[in-house]
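What follows is one structure encoded as structure tokens, with my remarks underneath.
Chain A is the first sequence line, chain B the second, and so forth, proteins listed ahead of strands; every chain is numbered from 1. All heavy atoms count here, side chains included; hydrogens, waters and symmetry mates do not.
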Amino acid sequence: MNQKPSIPKGTRDFGPVPMMRRNYLFNTIRSVFQLYGYLPIETPAMETLDTLMGKYGEEGDKLVFNILNSGDFASGINTELLQKLIQDPDNSALVSRTMTSQVSEKALRYDLTVPFARFVVQHRDEISFPFKRYQIQPVWRADRPQKGRYREFYQCDVDVIGSDSLLNEAELIKIIDDVFSKLGLNIVIKINNRKILAGLAEASGLGDNLTDFTVALDKLDKIGIEHVSKEWISKGISGESIIKLTPIIGHMGSNTDKISGLKDFLKSSTAGMKGLEEVETLLTIINRFNLNSSVEIDLTLARGLNYYTGAIIEVKSLDIHIGSICGGGRYDDLTGIFGMPGVSGVGVSFGADRIYDVMEQINGFPALAQSGTQVLFLNFGFDEATVCQPLAGQIRAAGIRCELYPDPLKIKKQLQYADQNHIPIVVMIGETERNAGKAAVKIMSSGEQINVAFPDLTSEIRKII
RNA sequence: GUGGGAGUAGUUCAGUUGGUUAGAACGUUGGAUUGUGGUUCCAAAGGUCGGGGGUUCGAAUCCCCUCUUCCACCCCA
């Protein structure tokens with residue numbers, strides 16, 4: 001007892017109440033996915049290192065949890081090679097990488113999209129395209145935990161792969177709107193397009209600085225235009241370009257205003273115009289949906305851009321400031337890295353844990369009393385309990401949640417148990433009741449108590465509930 | 001990976017310029033005439049003060065290291 005047990009950092013236990021709420025969340029999300037015809041899949045918690053590495057950029061690779069090989073994992077180490085490398089202290093990163101590959105061949109999944117791509121390639125024969133799937137599973141990241149950031153968390157992914165149609169993007173936005181409407185959260189759906197970003201870079205003469213350009217741009221709402229400009233300049237982007245860009249990026253008007261501004265700015269860029277056209281079409285489709293949430297074009301939305309090629313989607317809570325609670329986009333060639341080129345997909349991922357945190361903070365969860373026991377039989381001893389069992393069986397057969405207290409403790413203890421577990425009805429059958437053939441039914445909220453003949457017990461309880 | 005705050009009973013926290021057996025509240029357990037909960041009253045249990053090292057006659061308190069956690073950055077759900 002002098003040593004307290006604990007769980008790894010960034011992980012959490014979920015007691016009954018959080019669990020019921022999480023189930024409510026997952027069920028809501030799942031029911032919407034199913035309503036649009038998406039099919040469930042699951043993939044293993046671990047993937048081979050080959051599948052995962054190199055898919056998330058340099059930063060992402062570092063955040064993958066590696067799994068040590070079983071058994072005598074040290075036998076695979078090439079000591080000669082390592083000794084050679086280790087002599088140079090600058091090599092420490094390389095040494096770690098080399099060593100990892102020698103003692104580990106699998107890792108915990110980092111997201112659901114890459115395993116999905118692997119799944120599609122591996123099962124291409126069984127899949128008919130377009131393939132619409134959803135997947136609700138935990139993922140793991142060796143990130144430093146903080147508010148709204150965990151090392152083990154759930155993602156709820158919906159993707160459609162094998163279709164270029166913008167109707168898919170529109171459908172996903174409708175799904176987002178449905179889910180958050182059902183949950184009662186106020187959100188804004190931000191959209192952008194990778195091609196527009198490329199166009200902005202091109203039209204302002206940035207050349208191939210796209211990555212540096214977007215990484216800084218993504219921080220605009222956080223650090224402001226001055227700091228973004230500074231970062232751009234430090235990356236070698238010319239002041240001239242920045243002056244051209246500032247009014248476009250800082251444009252705060254409506255979507256149509258933004259589009260007309262962009263139309264003029266991007267006219268020299270084919271990619272940019274293509275992206276703009278996509279956004280326009282998407283907005284046209286969405287306008288027919290009558291969404292509850294607002295959809296706004298946000299040019300600062302870049303989202304890592306590891307594999308996104310078209311639409312970029314992100315959802316922010318208007319209730320709580322917590323980073324994005326849902327995000328995704330189109331990736332034209334994700335399966336290409338697994339040897340199946342030319343298949344385009346688009347998908348979004350709901351961050352269940354962050355959504356939970358938001359719901360929690362705004363008291364957005366409905367009362368979930370419908371999960372606990374409704375009727376408790378007190379235990380007056382073995383013989384009396386034997387009488388209770390068939391009666392409890394009848395009550396359950398009527399669909400009422402019912403339990404018998406397992407130990408013949410003092411009645412006070414058993415009532416305390418009922419009280420603490422918010423059980424509304426208690427049935428007492430002691431020696432007296434057993435002889436009389438009548439049960440004492442106590443309604444906990446009022447303390448009122450009535451006697452009911454055994455055959456009428458189920459119907460009486462049904463009346464009370 | 002970088003920077004800052006915090007670690008004292010199950011939980012939330014007190015703990016005076018270093019000074020005797022480290023406190024409270026809530027919770028837990030037991031009791032207040034035998035088969036009746038929530039309120040009340042009484043009592044008890046529970047801490048090598050995150051861990052290790054150092055300074056000191058003496059450390060929860062001062063210094064160093066480490067772990068954990070929270071916050072910010074990087075990045076992200």
Please tabulate the protein-to-nucleotide N/O contacts below 3.5 Å involving nucleotides 30-34 of chain B, giving atom names and distances.
| unit_1 | atom_1 | unit_2 | atom_2 | d |
| --- | --- | --- | --- | --- |
| rG30(B) | OP2 | K413(A) | NZ | 2.8 |
| rG31(B) | OP1 | K410(A) | NZ | 2.9 |

Nearest-neighbour nucleotide for the F380(A) side chain, rA77(B), rU28(B), rG35(B) considered: rG35(B)

Within the 4.0 Å heavy-atom criterion, would you say E433(A) contacts the bases, only the backbone, or no part of the nucleic acid? base

Does the gap between the ring centers of Y356(A) and F365(A) come in under 6.0 Å? yes

So that I can tick it off, tell me whether E278(A) and R330(A) are bridged by a salt bridge, with the cut-off set at under 4.0 angstrom between side-chain N and carboxylate O. no

Whole-Å distance separating the CG atom of N421(A) from the C1' atom of rG37(B): 12 Å

Taking any heavy-atom pair under 4.0 Å as a contact, classify D143(A): base, sugar-phosphate, or nothing. base

Listed by chain and number, what are the salt bridge (charged side-chain N to carboxylate O under 4.0 Å, His left out) partners of E171(A), not counting sequence neighbours? K132(A)

For the pair made of CD in E314(A) and P in rA77(B), what is the distance, rounded to whole Å? 8 Å

Expressed in whole Å, how much space separates the P atoms belonging to rA24(B) and rU34(B)? 31 Å

P spacing across the pair rG10(B) / rA6(B), given as an integer number of angstrom: 23 Å

Which of the following nucleotides, rC76(B), rU36(B), rC75(B), is nearest to the side chain of M428(A)? rU36(B)

side-chain contact (heavy atoms from CB on, under 4.5 Å) against A385(A), all qualifying residues, sequence neighbours excluded: N379(A), L404(A)

For the side chain to side chain contact (heavy atoms under 4.5 Å, CB included) test, which of I423(A), V426(A), I464(A), I461(A) pairs with V375(A)? I461(A)

Are F153(A) and rA77(B) stacked, counting the six-membered base ring, centres under 5.5 Å, planes under 30°? yes

Considering only atom C1', compute the distance from rA44(B) to rA9(B) and round it to an integer number of Å. 14 Å

Please identify each residue that fulfils salt bridge (charged side-chain N to carboxylate O under 4.0 Å, His left out) with R118(A), with sequence neighbours left out. E47(A)

Checking N1-N3 plus N6-O4 or O6-N4 for Watson-Crick, or N1-O2 and O6-N3 for wobble, each under 3.5 Å, the partner of rU68(B) is rA6(B)

Over how many whole Å does the gap from D159(A) atom CG to rA77(B) atom P extend? 13 Å

Value in whole Å for how far the C1' atom of rG37(B) lies from CD1 of I425(A): 15 Å

So S445(A), base contact, sugar-phosphate only, or nothing? Heavy-atom distance under 4.0 Å. base

SB check D353(A) R149(A) (cutoff 4.0 Å): no

Write down the partner of rA24(B) under the Watson-Crick or G-U wobble criteria, each distance required to be under 3.5 Å. rU12(B)

May I ask you to verify whether the side chain of Q449(A) and the base of rU36(B) hold a donor-acceptor pair under 3.5 Å? yes

Contacts of Q420(A) and G60(A) projected onto RNA chain B by closest heavy atom; the upstream (5') one is Q420(A)

Which one is paired to rU17(B), where only Watson-Crick or G-U wobble pairs with both distances under 3.5 angstrom count? none

Between rU36(B) (C1') and L409(A) (CG): distance, integer Å: 14 Å

Across all chains, not counting sequence neighbours, the salt bridge (charged side-chain N to carboxylate O under 4.0 Å, His left out) partners of D177(A) are none

Determine the Euclidean distance between corresponding C1' atoms of rU8(B) and rG23(B); express it in Å to zero decimal places. 10 Å

Lys/Arg-Asp/Glu bridge criterion (N-O < 4.0 Å) met for K174(A), D178(A): yes

Check nucleotides 67-71 of chain B against the protein and report each pair of N or O atoms closer than 3.5 Å, with its distance, or say if there are none.
| unit_1 | atom_1 | unit_2 | atom_2 | d |
| --- | --- | --- | --- | --- |
| rC71(B) | OP1 | K147(A) | NZ | 3.4 |
| rC71(B) | OP2 | K147(A) | N | 2.6 |

Classify the side chain of D419(A) and the base of rG38(B) as holding, or not holding, a donor-acceptor pair under 3.5 Å. no

Could you tell me how far apart E152(A) (CD) and rA77(B) (P) are, to the nearest whole angstrom? 17 Å

Would you say that more than 12 heavy atoms from the other residues, nucleotides or ligands in this model lie under 6.0 Å from the CE of M46(A), or not? no

Say we look at rC13(B) and rU55(B): how far apart would their P atoms be, to the nearest angstrom? 34 Å

For atom C1', what is the distance between rA25(B) and rU68(B), given to the nearest Å? 26 Å

Strand partner of rU39(B), provided both Watson-Crick or wobble distances fall under 3.5 Å: none

Ring-ring centroid check Y405(A) F377(A), cutoff 6.0 Å: no

Span that lies between the P atom of rU20(B) and that of rG35(B), in whole angstrom: 49 Å

Nucleotide opposite rC75(B) in a Watson-Crick or G-U pair, distances under 3.5 Å: none

Taking CD from E448(A) and C1' from rU36(B), how many angstroms apart are they, rounded to a whole number? 15 Å

May I ask you to check whether F33(A) and Y134(A) place their ring centers less than 6.0 Å from one another? yes

Rounded distance in Å between the P positions of rU28(B) and rU61(B): 33 Å

